[in-house]
Amino acid sequence: MRLSRSLIPTLKENPAEAQIASHRLMLRAGLVRQTASGIYAWLPAGWRVLQNIANIVREEQDRVGCQELLMPTIQSAELWRQSGRYDAYGAEMLRLADRHGRELLYGPTNEEMLADLMRQSVKSYRELPQTLYHIQWKFRDEMRPRFGVMRGREFLMKDGYSFDLDYEGAVVSYRKQMLAYMRIFQRLGVKAIPMVADTGPIGGDLSHEFIILAPTGESQVFYDAAYEAMDFTKEAVDHESPADLERFFGEVTKNYAATDEKHDEAVWAQVSEQREGRGIEVGHIFYFGTKYSAPMGLTVAGKDGSQIVPHMGSYGVGVSRLVGALIEAHHDEAGIIWPDSVAPFPAVIVNLKVGDAGCDALCNEAYAAFGGRALLDDREDRAGVKFADADLMGHPWQIVVGPRGAANGMVELKRRATGEKVELSLADALAKIL
RNA sequence: CGGGGCGUGGCGCAGCCUGGUAGCGCAUCUGCUUUGGGAGCAGAGGGCCGGAGGUUCGAAUCCUCUCGCCCCGACCA
């Protein structure tokens with residue numbers, strides 16, 4: 001992408017409405033613009049980040065055997081009456097009516113809809129278990145939206161739903177999600193710790209929330225240092241093996257981790273390597289049995305012809321919230337520091353002297369090497385402006401091309417995370433990045 | 001939803017109390033100079049002061065209503 005032809009409107013000054021770092025930086029780096037309270041337009045760079053995160057979530061869901069589908073944002077009130085939640089959900093649900101006066105709603109979640117789809121088509125125990133998910137916009141009419149995208153009203157969420165024949169099966173599905181989630185957060189470049197959680201308005205008795213450690217997080221968290229050393233990206237766990245999953249699950253949940261609401265001083269005192277910090281909830285998984293399948297009449301035939309009511313679980317990841325959460329975890333005074341896995345561009349190529357034949361040629365060569373996926377700062381601005389914007393936007397790598405080195409094919413390569421700069425040939429620089 | 005605050009060129013703000021033809025910084029455009037960490041000089045464009053009523057010879061300014069946004073609290077992926 002050529003910056004001179006991109007809608008990436010960076011801001012030099014802090015917008016008055018943004019209070020926390022991630023909100024300020026998302027506006028200043030030109031990732032989003034608010035269009036109404038708690039509702040944001042995702043501009044090109046922000047949209048890239050959002051898609052990068054969604055793709056990692058997607059890959060890890062698929063890897064443990066889940067199926068992706070896409071359900072609509074608008075749902076019929078009728079479905080929610082069947083589960084009893086139409087009245088129970090309250091003012092957080094955005095209710096609409098079409099021209100015929102039929103009652104609709106903008107979905108805050110999809111348990112009813114997927115239970116409905118399943119009851120239409122799944123008839124036999126032979127067809128279970130299954131876990132389905134989609135990545136779709138949700139709307140919850142928060143009383144007070146705040147913190148930018150972290151607490152918006154419209155948000156992008158991955159929500160998954162498992163269907164099993166019994167409790168034992170549901171536990172296996174639940175553990176698969178635990179595995180997928182640990183991998184997701186590790187790939188996103190953040191420490192996310194599973195903490196035992198309340199099940200909230202949806203109900204159930206097996207529930208974990210995933211908390212990203214970030215200095216500006218909303219809740220105080222206490223955890224065992226053992227979580228810092230865990231590595232879940234290795235293919236050490238066979239998700240097809242219940243025994244392996246059980247071992248993994250035990251491993252992940254055996255150490256102490258709690259938010260301040262669930263904090264237990266007595267147990268905490270036993271932890272040898274204590275860590276305290278702030279955290280942001282970015283995921284939540286829970287088992288809730290037949291809470292929806294039963295009232296909605298979802299049944300399958302068992303071996304003996306009996307009717308089995310499947311046990312369900314729900315698994316959410318706040319995809320758009322993660323954009324803010326990642327920035328909370330990765331920024332400094334100058335701007336965002338993107339993890340490589342989600343950065344909108346792997347690198348920015350900074351042309352310090354647009355119009356200089358040597359600089360232009362070397363920049364074009366670098367740009368081509370990325371197949372156009374890098375960002376080329378070809379604006380006719382001063383060096384300082386470009387450096388400041390590059391730091392603000394947080395590209396993992398900066399390839400700085402100036403007239404001094406361009407004559408000899410040399411560039412300066414800067415690593416945003418460390419600030420380390422080295423002079424080398426373009427070929428060597430590309431070799432380090434690609 | 002309770003309490004507080006703010007709406008004035010794209011962004012950040014002053015002006016309002018004490019009515020009199022709308023101002024500053026940044027950004028934008030033109031020219032010249034400058035050129036490796038947010039340049040200098042000169043000039044230019046851009047705002048029915050959130051909206052609607054009212055008071056007044058005259059309203060950004062005073063009064064009433066309304067809409068929007070932000071902050072603190074109770075609630076949430």
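Every chain is numbered from 1, with letters handed out A, B, ... down the list of sequences. Note that this is a predicted model, so its numbers are computed, not measured.
Rounding to whole angstrom units, CG of residue Leu392(A) and P of C26(B) are separated by 20 Å. Atoms NZ (Lys353(A)) and P (G37(B)) sit 14 Å apart, rounded to a whole Å. When the P atom of C71(B) is taken as reference, atom CD of Gln19(A) falls 5 Å away, rounded to whole Å. Protein atom CZ of Arg28(A) is 14 Å distant from nucleotide atom P of A27(B), rounded to whole Å. In this structure, the CD1 atom of Ile211(A) is 11 Å from the C1' atom of A77(B), given to the nearest Å. We find that CG of Asp377(A) is positioned 15 Å from P of G36(B), with the value rounded to whole Å. Between Phe387(A) atom CZ and U35(B) atom P there is a gap of 15 Å when expressed in whole angstrom units. Rounded to whole Å, atom P of G36(B) lies 19 Å from atom CE of Met410(A).
When each of Glu154(A) and Ala18(A) is assigned the nucleotide of RNA chain B with its nearest heavy atom, Ala18(A) is the one assigned upstream, toward the 5' end. Residues Thr10(A) and Leu156(A) both approach RNA chain B. Their nearest nucleotides, taken by heavy-atom distance, put Thr10(A) toward the 5′ side.
Within 4.0 Å of Gln34(A), counting heavy atoms only, lie sugar-phosphate atoms of the nucleic acid but no base atom. Ala36(A) comes within 4.0 angstrom of the backbone, heavy atoms only, and of no base. Arg33(A) comes within contact range of no nucleotide atom at all, as no heavy-atom separation falls under 4.0 Å. Across all strands shown, Gly402(A) has heavy atoms under 4.0 Å from base atoms, whether or not it also approaches the sugar-phosphate. Within 4.0 Å (heavy atoms only), Asp381(A) reaches no atom of the nucleic acid at all. Within 4.0 Å (heavy atoms only), Gly152(A) reaches at least one base atom of the nucleic acid. Backbone-only contact: Val282(A) has heavy atoms under 4.0 Å from sugar-phosphate atoms and none from a base.
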Protein-nucleotides 72-75 of chain B N/O pairs under 3.5 Å:
{"from": "C72(B)", "atom 1": "OP2", "to": "Arg144(A)", "atom 2": "NH1", "distance (Å)": "3.2"}
{"from": "C72(B)", "atom 1": "OP2", "to": "Arg144(A)", "atom 2": "NH2", "distance (Å)": "2.5"}
{"from": "C72(B)", "atom 1": "N4", "to": "Arg144(A)", "atom 2": "NE", "distance (Å)": "3.4"}
{"from": "C75(B)", "atom 1": "O2", "to": "Arg151(A)", "atom 2": "NH2", "distance (Å)": "3.4"}
{"from": "C75(B)", "atom 1": "N3", "to": "Arg151(A)", "atom 2": "NH2", "distance (Å)": "2.8"}
{"from": "C75(B)", "atom 1": "N4", "to": "Arg146(A)", "atom 2": "NH2", "distance (Å)": "3.0"}

Polar-atom pairs under 3.5 Å, protein N or O versus N or O of nucleotides 30-34 of chain B: list them with distances, or write none.
{"from": "U34(B)", "atom 1": "O2", "to": "Arg382(A)", "atom 2": "NH1", "distance (Å)": "2.8"}

Every protein N/O within reach of nucleotides 4-13 of chain B N/O, cut-off under 3.5 Å:
{"from": "C11(B)", "atom 1": "O2", "to": "Glu13(A)", "atom 2": "OE2", "distance (Å)": "3.3"}
{"from": "G12(B)", "atom 1": "OP1", "to": "Ala16(A)", "atom 2": "N", "distance (Å)": "3.0"}

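Side-chain nitrogen and oxygen atoms of Ser320(A) include none within less than 4.0 Å of the OP1 or OP2 phosphate oxygen of A77(B).
Across U61(B) and C16(B), the matching C1' atoms stand 4 Å from one another, rounded to whole Å. Atom name P, nucleotides G47(B) and U8(B): the rounded distance is 15 Å, in whole Å. The same atom, P, is picked in G10(B) and in A74(B); the two are 38 Å apart, to the nearest Å. Here, C17(B) and C76(B) have their C1' atoms 42 Å apart, quoted to the whole Å. Comparing the C1' positions of U18(B) and C62(B) gives a spacing of 11 Å, expressed to the nearest Å. Distance noted for atom C1' between G45(B) and C6(B): 29 Å (whole Å). Straight-line distance between the C1' atoms of C29(B) and G46(B): roughly 11 Å, to the nearest whole Å. Nucleotides U21(B) and U28(B) are separated by 32 Å at their P atoms, to the nearest Å.
Residues Arg379(A) and Asp389(A) are paired through a salt bridge, judged by an N-O separation under 4.0 Å between the basic side chain and the carboxylate. A salt bridge links Asp391(A) with Lys414(A): at least one charged nitrogen is closer than 4.0 Å to a carboxylate oxygen. A salt bridge does not link Arg95(A) with Glu103(A): none of the charged nitrogens is closer than 4.0 Å to a carboxylate oxygen. Between Arg151(A) and Glu142(A), at least one side-chain N (NZ, or NE/NH1/NH2) sits under 4.0 Å from a carboxylate O, which counts as a salt bridge.
At a cut-off of 3.5 Å, with distance as the only test, no side-chain donor of His331(A) or Ser22(A) sits close to an acceptor on the other residue. Counting only N and O atoms by type, the side chains of Tyr315(A) and Ser162(A) include a donor and acceptor under 3.5 Å apart. With 3.5 Å as the limit, one finds a donor-acceptor pair spanning the side chains of His208(A) and Tyr174(A). In the model, Gln177(A) has a side-chain atom that pairs as donor or acceptor with a side-chain atom of Gln61(A) under 3.5 Å. A donor-acceptor contact under 3.5 angstrom links the side chains of Gln220(A) and Arg278(A), judged on distance only. No side-chain N or O of Asn55(A) forms a donor-acceptor pair with one of Gln51(A) less than 3.5 Å apart. A donor atom on one side chain and an acceptor atom on the other are found under 3.5 Å apart for Glu111(A) and Thr109(A). Side-chain N/O atoms of His263(A) and Tyr256(A) include a donor and acceptor closer than 3.5 Å.
Pairing partner, G31(B): C41(B), with both Watson-Crick or wobble hydrogen-bond distances short of 3.5 Å. Nucleotide U18(B) forms no Watson-Crick or G-U wobble pair with any nucleotide shown, as no partner meets the under 3.5 Å limit on both distances. Pair check for C65(B) finds G51(B); Watson-Crick or G-U wobble, both atom distances under 3.5 Å. Judged by Watson-Crick or G-U wobble contacts below 3.5 Å, the nucleotide G23(B) has C13(B) as its partner. When Watson-Crick and G-U wobble pairs are counted only if both distances are under 3.5 Å, C76(B) pairs with no nucleotide at all.
For the salt bridge (Lys or Arg N to Asp or Glu O under 4.0 Å) condition, the pairs that include at least one residue of residues 152-161 of chain A, sequence neighbours left out, are Lys138(A)-Asp159(A), Asp141(A)-Arg153(A).
With centres under 5.5 Å and a plane angle under 30°, the ring of Phe155(A) is stacked against the base of A77(B).
Distance from the side chain of Arg321(A) is smallest to C76(B) among C76(B), C26(B), G36(B).
Checked against side-chain contact (heavy atoms from CB on, under 4.5 Å), Met1(A) has the following partners two or more places apart in sequence or in another chain: Ser6(A), Pro44(A), Arg48(A), Phe345(A), Leu375(A). For Glu251(A), the side-chain contact (heavy atoms from CB on, under 4.5 Å) criterion is met by Lys254(A), not counting sequence neighbours.
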